[in-house]
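These notes concern the structure reproduced below.
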Number of protein chains: 2
Amino acid sequence: MATERIDATLTIAETSELTGLSPSTLRYYERIGLIDGVQRGPDGRRRYQAADLAWMAFLLRLRTTGMPIQGMLAFAELRRGGDATVRERLELLRRHQAQVRRRYEAVMRSLDAIDKKIGHYERLVEERDGDSGREA
Amino acid sequence: MATERIDATLTIAETSELTGLSPSTLRYYERIGLIDGVQRGPDGRRRYQAADLAWMAFLLRLRTTGMPIQGMLAFAELRRGGDATVRERLELLRRHQAQVRRRYEAVMRSLDAIDKKIGHYERLVEERDGDSGREA
DNA sequence: CCTTGCGTTGAAGCGCGCTTCAACTCGTAC
DNA sequence: GTACGAGTTGAAGCGCGCTTCAACGCAAGG
């Protein structure tokens, strides 16, 4: 209980824990401009705030849906541009949304074909074992 | 009509055209063992057959669903093992199938969140423009 | 005092999945 | 013969998204 902090900021280790992004990745994202305005303590260490966490959560959603870093960077730069860029941000997200849906339809078509192959192999295995369900 | 081929084999350029894999990628896949048993013409050039094309189509489905080359390679090696490996191939495909579905669900959850953000931006843009639908 | 732990930086390194390059070989056309 | 187009090989290179490394700083504890 000796070293309690009064404020609501997090160390890089805590932030890493919460977001699943490694400390190296957090520093990397900051270096390339994906994350910015991170506060520093008097010791020069990063102190992340709730708003930073929320932004990272959003970045993670973009990443999960397959947006490349360049795309996220474009969004981050628009965001820095303030209210004037809302329309552009909307368009960027819509394009991404459409692309994700297209891509996932393709994945689902391929997955269907793989499902069929699995069915084929299941029949093969069944024949090979005889039709006796299971044994021993 | 002078240089017609009698057989049903394809050059690397034709195969590339049909599969969407570049000639370099076709050679690369062969080099690492993803594709094998490719015939050669008397001139030493590759001559792809229907069976090769079918295998590539399957590889493409694995790739589209996000299987890394190491995974495809594992499958290719089992395939070379013949009938004895059918069960293992089945298991490999089932694991992949399950993984793709899990990943797809994660993507869809993130996409939902992005959809909400889009909704948010749409409301912002609407306000900013006034409620007058459109102008000029 | 010195060690320990947690952080900092800039630069280099890495695994993946191809792509590109340089040098060479064919078969065909002129 | 010469030039062209399509192919061959082994080796090197590349873009992406981090990760690792080396050297250092700083505050607390023993």
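To find a chain, count down the sequence lines: A is the first, B the second, and so on, and within it residues start at 1.
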Exercise. How long is the span from the CG atom in A/Asp52 to the CD atom in A/Glu30, to the nearest 0.5 Å?
Worked result: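 Those atoms lie 8.5 Å apart.
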Between [atom2] of [N] and [atom1] of [X], the distance in whole Å:
X: B/Ile69; N: C/dT19; atom1: CD1; atom2: P; result: 10 Å
X: B/Leu21; N: C/dG17; atom1: CG; atom2: P; result: 14 Å
X: A/Leu73; N: D/dC16; atom1: CG; atom2: C1'; result: 13 Å
X: B/Leu59; N: C/dC18; atom1: CG; atom2: P; result: 11 Å
X: A/Ile12; N: D/dT19; atom1: CD1; atom2: C1'; result: 13 Å
X: A/Leu10; N: C/dG7; atom1: CG; atom2: P; result: 11 Å
X: A/Leu26; N: D/dT19; atom1: CG; atom2: P; result: 10 Å
X: B/Arg47; N: D/dT8; atom1: CZ; atom2: P; result: 10 Å

Exercise. Which part of the nucleic acid, if any, lies within contact of B/Pro23, taking any heavy atom under 4.0 Å across all strands shown: a base, the sugar-phosphate backbone alone, or nothing?
Worked result: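 The residue B/Pro23 makes no contact with any strand.
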Exercise. Across the strands shown, which category fits A/Ser24 at heavy-atom distances under 4.0 angstrom: base, sugar-phosphate, nothing?
Worked result: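 Contact class for A/Ser24: base.
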[X] with [Y]: basic N within carboxylate O range, under 4.0 Å:
X: A/Glu122; Y: B/Arg94; result: yes
X: A/Arg45; Y: A/Glu14; result: no
X: B/Glu88; Y: B/Arg95; result: no
X: A/Asp115; Y: B/Arg101; result: yes

Are any of [X]'s side-chain N or O atoms less than 4.0 Å away from OP1 or OP2 of [N]?
X: B/Tyr29; N: C/dC18; value: yes
X: B/Thr25; N: C/dG17; value: no
X: B/Thr11; N: D/dG7; value: yes

When you compare the protein's N or O atoms with those of nucleotides 9-13 of chain C, which come within less than 3.5 Å of each other, and at what distance?
unit_1 : atom_1 : unit_2  : atom_2 : d
C/dT9  : OP1    : A/Arg40 : NH2    : 3.1
C/dT9  : OP2    : A/Arg46 : NH1    : 3.1
C/dT9  : OP2    : A/Arg46 : NH2    : 2.7

For this session: Using heavy atoms to find the nearest nucleotide of DNA chain D for A/Asp43 and A/Tyr28 separately, return the residue whose nucleotide is more 5′.
Result: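 On the 5' side of the pair lies A/Tyr28.
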For this session: Quick one: closest heavy-atom pair of B/Leu26 and B/Ser16, and the distance?
Result: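 The answer is CD1-N, 3.9 Å.
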Exercise. Which pair of non-hydrogen atoms, one from B/Met72 and one from B/Met67, has the smallest distance, and what is that distance?
Worked result: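 Nearest heavy atoms, B/Met72 then B/Met67: N-SD, 3.4 Å.
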Exercise. Taking the nucleotide of DNA chain C with the closest heavy atom to each, which residue, B/Arg45 or B/Arg63, is nearer the 5' end?
Worked result: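 Nearest nucleotide further toward 5': that of B/Arg63.
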